[in-house]
Number of protein chains: 2
Amino acid sequence: MQRALGAAEMRCAQAQERLTDPRRRVLELLLGSDGPLKAYDLIAAYGEAGEPAKPPTVYRALEFLERLGFAHRIESLNAYVPCRLDADGHSAAFLICECCGAAEEFEPDFTAQFAAAAHAGYTVRAVTLEARGACAACRR
Amino acid sequence: MQRALGAAEMRCAQAQERLTDPRRRVLELLLGSDGPLKAYDLIAAYGEAGEPAKPPTVYRALEFLERLGFAHRIESLNAYVPCRLDADGHSAAFLICECCGAAEEFEPDFTAQFAAAAHAGYTVRAVTLEARGACAACRR
DNA sequence: CGCTGAAGCGTTACAACATAACATGTCTGT
DNA sequence: ACAGACATGTTATGTTGTAACGCTTCAGCG
């Protein structure tokens, strides 16, 4: 996790962006969780001594983290996870377990989708994919 | 649109489900729109004479329509569209224009994703994909 | 150094989205 | 006609997300 924070710091410097306190704090909370976190979970957990953050504080940090690719929003859960992949693109794909709530990021292959998009005349900027099902542990 | 409503009626009968008034009305509104509709758009437009519906009326109808595959929710827009495809699966894929708000459904090819899921031990029940970009008209 | 403009933050208030819970109605089979 | 299941109406409330404003901080520059 220190490593992940350090890497984020680096990438910010490269991008001429700043990993300010609230941004760093929210990323820290995401990295420290073992599952997707809701915005209001982050708001509640924000203060070191238990005081919650104000919503815009967290939403602004999340917007930044998504923009830089440090976090992803999982639309079908209204929740957020830290990016676990190295690749620097703007696409995200998740396997979501409907039983235990785990969400695992994986490297998608959107070749077929890009072809379909091109055929329809669309230019794609970003793709998100959310597959719902059961993880190995829950399937047993 | 009459045809689509008729087809829905048929498929309900086959599935031993009922296309009741609120369900039919919401489907009608979705079919009559030229773009994704928000839940509260539906609520506002529900009454023939302008009176809005109560939220649960519309949300329950939407839940039914999604369950039968007559409509899809577009997570990244918090909006709903009627299903425009014949296929009867539970997967949905959209090309969403960030400029004009159009959302076009297409037939996805999830072979690669299913392979990735299997590799991770996941059993996939349903997949949704939302590609954001610019449509042909807006790209010009 | 001190100014300036841009980006970021804190705060208040509110808007948008969604559901719980319970009472009432309406179909279906017997 | 009755029971049970499913659907709806209604009230209230919970959850998620943003607008708008003023203040602070930081980097660039004369």
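Letters go in sequence order (proteins before strands), and every chain restarts at 1. Computed from a prediction, not measured in an experiment: that's the story for all the values here.
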Peer 1: Taking the side chain as C-beta and beyond, is there a heavy-atom pair between B/Leu129 and A/Gln113 under 4.5 Å?
Peer 2: yes

Peer 1: At 10 degrees resolution, what angle do the end axes of the helix from C/dC1-D/dG30 to C/dT30-D/dA1 form when each is taken over five base pairs?
Peer 2: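 End-to-end axis angle: 30°.
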
Peer 1: Pairs in or reaching into residues 43-53 of chain B: which pass side chain to side chain donor-acceptor pair (under 3.5 Å), with residues at least two apart or in two chains?
Peer 2: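 Sorted pair list comes back empty.
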
Peer 1: So which pairs with a foot in residues 60-70 of chain A pass side chain to side chain donor-acceptor pair (under 3.5 Å), sequence neighbours left out?
Peer 2: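 Listed once each, the pairs are A/Glu17-A/Arg67.
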
Peer 1: Chain A on DNA chain C: first and last contacting nucleotide, 5' to 3', under 4.0 Å to a heavy atom?
Peer 2: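 Under 4.0 Å from chain A, the extent on DNA chain C is C/dG8 to C/dT12.
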
Peer 1: Among all residues two or more places apart in sequence or in another chain, which pass the side-chain hydrogen bond (donor to acceptor under 3.5 Å, both in side chains) test with B/Ser33?
Peer 2: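 Testing B/Ser33 for side-chain hydrogen bond (donor to acceptor under 3.5 Å, both in side chains), a comparison that skips the adjacent residues, returns none.
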
Peer 1: Which distance, rounded to the nearest 0.5 Å, do you find between the CD of B/Glu75 and the CZ of A/Arg73?
Peer 2: 9.0 Å

Peer 1: Using heavy atoms to find the nearest nucleotide of DNA chain C for A/Lys54 and A/Phe64 separately, return the residue whose nucleotide is more 5′.
Peer 2: A/Phe64

Peer 1: Apply side-chain contact (heavy atoms from CB on, under 4.5 Å) to the pair A/Cys99 and A/Cys135, showing each step before the final yes or no.
Peer 2: CA-CA 8 Å; A/Cys99 165; A/Cys135 72; over 6 Å; no

Peer 1: Indicate if A/Leu19 and A/Leu29 have the same hydrophobic cluster label, given that clusters are the connected sets of ILVMFWY residues with side-chain heavy-atom separations under 4.5 angstrom.
Peer 2: yes

Peer 1: Which residues, ordered by chain and number, are linked to B/Leu85 in its hydrophobic cluster, where ILVMFWY side chains connect at heavy-atom gaps below 4.5 Å, directly or through other members?
Peer 2: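 None; B/Leu85 is a cluster of one.
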
Peer 1: Considering residues at least two apart in sequence or located in another chain, which fulfil the side-chain hydrogen bond (donor to acceptor under 3.5 Å, both in side chains) criterion with B/Arg84?
Peer 2: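 side-chain hydrogen bond (donor to acceptor under 3.5 Å, both in side chains) check on B/Arg84 returns nothing, list empty.
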
Peer 1: Does the separation of the ring centres of A/His119 and B/Phe106 fall below 6.0 angstrom?
Peer 2: no

Peer 1: For B/Tyr122, give me all partners under side-chain hydrogen bond (donor to acceptor under 3.5 Å, both in side chains), at least two apart in sequence or on another chain.
Peer 2: none

Peer 1: For DNA chain C, what residues of residues 5-35 of chain A have any heavy atom nearer than 4.0 Å?
Peer 2: A/Glu17, A/Arg18, A/Thr20, A/Pro22, A/Arg23

Peer 1: Could you go through A/Leu27 and A/Arg24, starting from their C-alpha distance and side-chain angles, then the distance that decides it, and tell me whether this counts as side-chain contact (heavy atoms from CB on, under 4.5 Å)?
Peer 2: CA-CA 5 Å; A/Leu27 179 54; A/Arg24 186 186 182 87; 5.8 Å; no

Peer 1: Of all nucleotides in DNA chain D that come within under 4.0 Å of a heavy atom of chain B, which is furthest toward the 5' end and which toward the 3' end?
Peer 2: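 Range of nucleotides within reach of chain B: D/dA7 to D/dT11.
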
Peer 1: Give me the residues of residues 38-46 of chain A where at least one heavy atom lies under 4.0 Å from an atom of DNA chain C, by number, or none.
Peer 2: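 Residues of residues 38-46 of chain A under 4.0 Å from DNA chain C: none.
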
Peer 1: Determine yes or no for a side-chain-to-main-chain donor-acceptor pair under 3.5 angstrom, with B/Lys38 supplying the side chain and B/Tyr80 the backbone.
Peer 2: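 No; judged by distance alone, with no hydrogens or angles, the pair does not exist.
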
Peer 1: Can you list the residues that meet the side-chain hydrogen bond (donor to acceptor under 3.5 Å, both in side chains) rule with A/Ser76, with sequence neighbours excluded?
Peer 2: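 Result, side-chain hydrogen bond (donor to acceptor under 3.5 Å, both in side chains) vs A/Ser76: A/Glu130, A/Arg132.
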
Peer 1: Is B/Leu42 close to B/Leu30 at the side-chain level, that is, under 4.5 Å between some pair of heavy atoms?
Peer 2: yes

